[in-house]
2 protein chains.
Amino acid sequence: MRRPDGQSPPAQACPIGPVVDLVFSRWTTPILWTLNIYGRMRYVEIERTLGTITPKVLTQRLRQLERDGLVKRTYLPQVPPRAEYEITELGRSLAPVFSALVEWSGSNLTEVERARSDYDSSRG
Amino acid sequence: MRRPDGQSPPAQACPIGPVVDLVFSRWTTPILWTLNIYGRMRYVEIERTLGTITPKVLTQRLRQLERDGLVKRTYLPQVPPRAEYEITELGRSLAPVFSALVEWSGSNLTEVERARSDYDSSRG
DNA sequence: CTGGATCCCTCAGGATACTG
DNA sequence: CAGTATCCTGAGGGATCCAG
């Protein structure tokens, strides 16, 4: 979508906007992280691992991730039913992104905290 | 913060939770991106570059980024006043993270879109 | 120009209860 | 077990006005 003045629209100002919405919306990172570590998991296992997520939200996020091709859902209509989720290859391809975040976190998070306390103490 | 049952709290399930909140909260990515490209900018220049952000929110985000040490603010109480913002070294250290996102975006975003249309068409 | 102060409003997300 | 249905809150964000 272009503006009449020929300028780029605001979203274009940041080329990673779409992928940020995709990967870093609420709960998606913990879900992908968990599935990446533990492999194929049942619905209730994910729920318990995440701890505080409600079933409604968990289902929402899993559907979104499935639609985006990052997670694969397998449903077995047994009694009791069984639904299993696993990360896809496309999902695993995010590994370098996550690694970069882990590395940055390890190297710079303390400096962020220091900056915060500096800022707070200089203001009161 | 540990729970009485000795289990890890949900946030710990994903070690990059904190950094995600830090870097990928709303508008922070476009702001950092813009400052990284254009260098030192005045308040109104950032505002115009982002296009749709309101002054209230822009100030909120800039303050947050300043507090976290990712952005440096220089205020000159002239008439008219002048406020300039620039990315810090700590802010620039996020470059590898952003690069990883750009690269992933270029390689896999089309596949995400394909997954979405597949998902949508298979349901109606 | 650089914001602070206010009002408002949506809507993502949480709590709770219930079904196949 | 694996969700759906319903209701609800509150916090983020938009709009507007105002001040230094």
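Owing to the predicted nature of the structure, the values given are computational and were not obtained by experimental measurement. All chains are named by letter (A, B, ...) in the order of the sequence lines, taking the proteins before the strands, and each is independently numbered beginning at 1.
- The distance between atom CD of A:E84 and atom P of D:dA2, rounded to the nearest whole Å, is 9 Å.
- For C:dT2, the OP1/OP2 oxygens have a side-chain nitrogen or oxygen of B:R42 closer than 4.0 Å.
- Shown here is B:E89, whose CD atom has no more than 12 heavy atoms of other residues, nucleotides or ligands within 6.0 Å.
- Under the 4.5 Å side-chain heavy-atom criterion for ILVMFWY residues, a single connected hydrophobic cluster contains both B:V102 and B:V97.
- Following rounding to the nearest Å, A:E47 (CD) and D:dC1 (P) show an atom-to-atom distance of 9 Å.
- For the segment residues 66-73 of chain B, the set of residues with a heavy atom within less than 4.0 Å of an atom of DNA chain D is empty.
- Residue B:R63 has its side chain nearest to C:dG4 when only D:dG3, C:dC1, C:dG4 are considered.
- Other residues, nucleotides and ligands contribute over 12 non-hydrogen atoms within 6.0 Å of the OH atom of A:Y75.
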| note | B/S/- along nucleotides 13-20 of chain D (protein heavy atoms under 4.0 Å) is BBB----B
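- A chain of hydrophobic side-chain contacts below 4.5 Å, direct or via other Ile, Leu, Val, Met, Phe, Trp or Tyr residues, connects B:M41 to B:I37.
- Here the P atom of nucleotide D:dA2 and the OH atom of A:Y85 are 8 Å apart, to the nearest Å.
- Residue B:L109 is grouped with residue A:L94 when hydrophobic side chains (ILVMFWY) are merged at heavy-atom distances under 4.5 angstrom, including chains of intermediate members.
- B:Y119 places none of its side-chain heavy atoms less than 4.5 Å from the side chain of B:R114.
- If you check the side chains of A:T74 and A:Y85, you find no donor sitting under 3.5 Å from an acceptor.
- One interatomic measurement links the two molecules: CG of A:L50 to P of C:dG13, which rounds to 14 Å at whole-angstrom precision.
- Overall, the helix from C:dC1-D:dG20 to C:dG20-D:dC1 carries an axis bend of 50° between its ends, with five pairs at each end and the value rounded to 10°.
- If you take CE of B:M41 and C1' of C:dC1, they are 15 Å apart, rounded to a whole angstrom.
- What separates CD1 of A:I46 from P of D:dC1 is a distance of 13 Å, to the nearest Å.
- Across the protein-nucleic acid pair, A:Y43 atom OH and C:dG20 atom P stand 17 Å apart, rounded to whole Å.
- Using cut-offs of 30° and 60° for the angle between ring planes, the A:F98 and A:W33 rings count as parallel.
- Closest to the side chain of A:R48, out of C:dT2, D:dC1, D:dT4, is D:dC1.
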